[in-house]
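To start, the structure itself, in structure tokens.
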Amino acid sequence: MAMFDLTGRVALVTGGSRGLGREDALALARAGCDVVVADLLIESDPNLQEVAAASGSVMAQVMAADRVVYTERTAAEIAQMGRRSKAVQMDVTDFQQAREAIDQVVAEFGHLDILVNNAGCHDHVGQLMDQSPELWDRDLKVNLTGAYNCSQAVWPHMRAQNYGRLIFMSSITGVGGGFGQASSATTSAGILGLMRSLALEGARHGITSNAVVAGIIATESFRTTPPEMVDRMVLRTALRAPGQPADVAAAVCYLVSQEAGYVTGVELPVAGGIDLFTF
Ligand SMILES: NC(=O)c1ccc[n+]([C@@H]2O[C@H](COP(=O)([O-])OP(=O)(O)OC[C@H]3O[C@@H](n4cnc5c(N)ncnc54)[C@H](O)[C@@H]3O)[C@@H](O)[C@H]2O)c1
């Protein structure tokens, strides 16, 4: 049984081909939403591997090579639940593309109520002198500018209907820093400033804006993390285990629900207590 009733709402989830985005999309659909699943990678793209390689993302390349990209499959699973759904190929770094895709969703679905800014890259790992300026730029563009682009593209529609729910995906590294993760930690911190600003600006238009601050969550991309690094992170986590994508999806469903109507500008940690002092 779904925890919250989102019947009649329309959601768009970016980065929905796998991991947290796919789980968010499925959970929103179970709660009653029609869901558009957007991603740079889409199974039927004849240039899937080239697009993945151009993104610079190690994970994207691994997934494309293994054909483990589930954008269209996720949309089909949602349609099987009796909801309206659609897979959309969209590069969040391209404002024009984001705006056209979002305008098209509004034209087809009638409205767009929920935007989950989930697309992101967190595979640029290495201490400062081993980091690459190109991947730093990519991370700023995808993780920060991407969320900005999609939020700006949905804003006029949400304002016109005097209702909207924005979700931003941040990370515990954005709060505490991340050893060997300068670019993703920086963007995770930056996203919180964007989230809070839009909470302030959206409040008078019925738009709430909140962030999930994730700890270590066992998505597909997590499986490529070296086991000794996983062990260290789990030991630092009060609950002594990685979280599951469903833990994040439950938080997303709450934050976009009617019940969270008075909640805005919030950073909700789904982190098993990794942020707590431990010794
Ligand atoms: N998994 C974790 O432990 C964790 C922890 C904290 C924060 N996060 C954040 O949550 C989000 C999802 O994490 P995940 O583990 O599922 O990541 P992931 O790498 O498995 O999935 C990210 C998705 O974003 C898509 N994407 C990348 N660039 C894009 C672009 N330019 N346009 C559109 N889509 C693009 C990818 O194709 C992929 O489907 C990310 O923003 C990540 O930074 C994850």
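Since this is a predicted model, take the numbers as computed values, not measurements. First listed ligand is number 1; within each ligand, the first listed atom is number 1.
- A donor-acceptor contact closer than 3.5 angstrom is absent between the side chains of Ser170 and Glu267.
- Listed by number with element, the atoms of ligand 1 under 4.0 angstrom from any heavy atom of Gly215 are 3 (O), 5 (C), 6 (C).
- Within 6.0 Å of atom CZ in Arg196, more than 12 heavy atoms from other residues, nucleotides or ligands are found, so the atom counts as buried in its surroundings.
- From the protein, the heavy atom lying nearest to atom 31 (N) of ligand 1 is Asp91 OD1, 2.9 Å.
- Partner Asp24 forms a side chain to side chain contact (heavy atoms under 4.5 Å, CB included) with one of Val252, Thr74, Val256, Ile167 and no other, that one being Val252.
- By the 4.0 Å heavy-atom criterion, Arg18 is counted among the residues contacting ligand 1.
- Of the protein's heavy atoms, Ile217 N, 2.9 Å lies nearest to atom 3 (O) of ligand 1.
- Across the listed options Gly15, Ala38, Ser55, Gly120, Gly120 owns the non-hydrogen atom lying nearest to atom 27 (C) of ligand 1.
- Atoms of ligand 1 lying under 4.0 Å from at least one heavy atom of Ser171, given by number and element, are 6 (C), 7 (C).
- Among the atoms of Ser221, some N or O lies under 3.5 angstrom from an N or O of ligand 1.
- Remark: ligand 1 atoms within the under-4.0 Å shell around heavy atoms of Leu41 are 37 (O).
- When heavy-atom distances to ligand 1 are checked against a 4.0 Å cut-off, Thr219 comes that close only through its side chain, counted from C-beta outward.
- Contact check on Glu228 versus Arg232 returns no salt bridge, with no Lys/Arg side-chain nitrogen under 4.0 Å from an Asp/Glu carboxylate oxygen.
- Heavy-atom distances between Ser170 and ligand 1 reach below 4.0 Å in at least one pair.
- Residue-to-ligand polar distances place His122 within reach of ligand 1: an N/O pair is separated by less than 3.5 Å.
- Ligand 1 does not have Thr14 within reach: every non-hydrogen atom of the residue lies 4.0 Å or more from it.
- When the shell of 6.0 Å around CZ of Phe95 is examined, it contains more than 12 heavy atoms from other residues, nucleotides or ligands.
- Remark: minimum distance from atom 44 (C) of ligand 1 to any protein heavy atom is reached at Leu20 CD1, 3.8 Å.
- Ser184 and Asn143 are not linked by any side-chain donor-acceptor pair at a separation below 3.5 angstrom, with hydrogens and angles left out of the test.
- Close N/O approach between Met169 and ligand 1 is not found [any backbone or side-chain N/O within under 3.5 Å].
- At the shortest separation from atom 28 (N) of ligand 1 among protein heavy atoms lies Val142 CG1, 3.6 Å.
- When each of Asn149, Val142, Thr145 is tested with Val92 by the rule side chain to side chain contact (heavy atoms under 4.5 Å, CB included), just one qualifies, namely Val142.
- Note on ring orientation: taking the six-membered ring where Trp is involved, the planes of His205 and Trp155 are perpendicular (angle over 60°, cut-offs 30° and 60°).
- Linking Ile, Leu, Val, Met, Phe, Trp and Tyr residues whenever their side-chain heavy atoms come within less than 4.5 Å leaves Met169 and Ile216 in two separate clusters.
- Every N/O-N/O distance between Met59 and ligand 1 stays at or above 3.5 Å.
- At a heavy-atom distance under 4.0 Å, only backbone atoms of Met90 (N, CA, C or O) approach ligand 1.
- Each of the following atoms of ligand 1 lies closer than 4.0 Å to a heavy atom of Gly19: 16 (O).
- Residues Ser17 and Leu41 share a closest heavy-atom pair of CB-O, 4.1 Å.
- Considering backbone and side-chain N/O atoms, Val92 comes within less than 3.5 Å of an N/O atom of ligand 1.
- Residue-environment remark: CZ (Arg159) stays at or below the threshold of 12 foreign heavy atoms within 6.0 Å.
- Asn118 OD1, 3.2 Å is the protein heavy atom nearest to atom 12 (C) of ligand 1.
- Here the protein heavy atom with the shortest distance to atom 34 (N) of ligand 1 is Leu40 N, 3.3 Å.
- Looking at atom 37 (O) of ligand 1, its nearest protein heavy atom turns out to be Asp39 OD1, 2.7 Å.
- Looking at Pro242 and Met233, their side chains never come closer than 4.5 Å, going by heavy atoms from C-beta outward.
- Remark: Arg240 CZ is packed, more than 12 non-hydrogen atoms of other residues, nucleotides or ligands lying under 6.0 Å away.
- Within the structure, ligand 1 lacks Ser57 among the residues with a heavy atom less than 4.0 angstrom away.
- A salt bridge does not link Lys141 with Asp91: none of the charged nitrogens is closer than 4.0 Å to a carboxylate oxygen.
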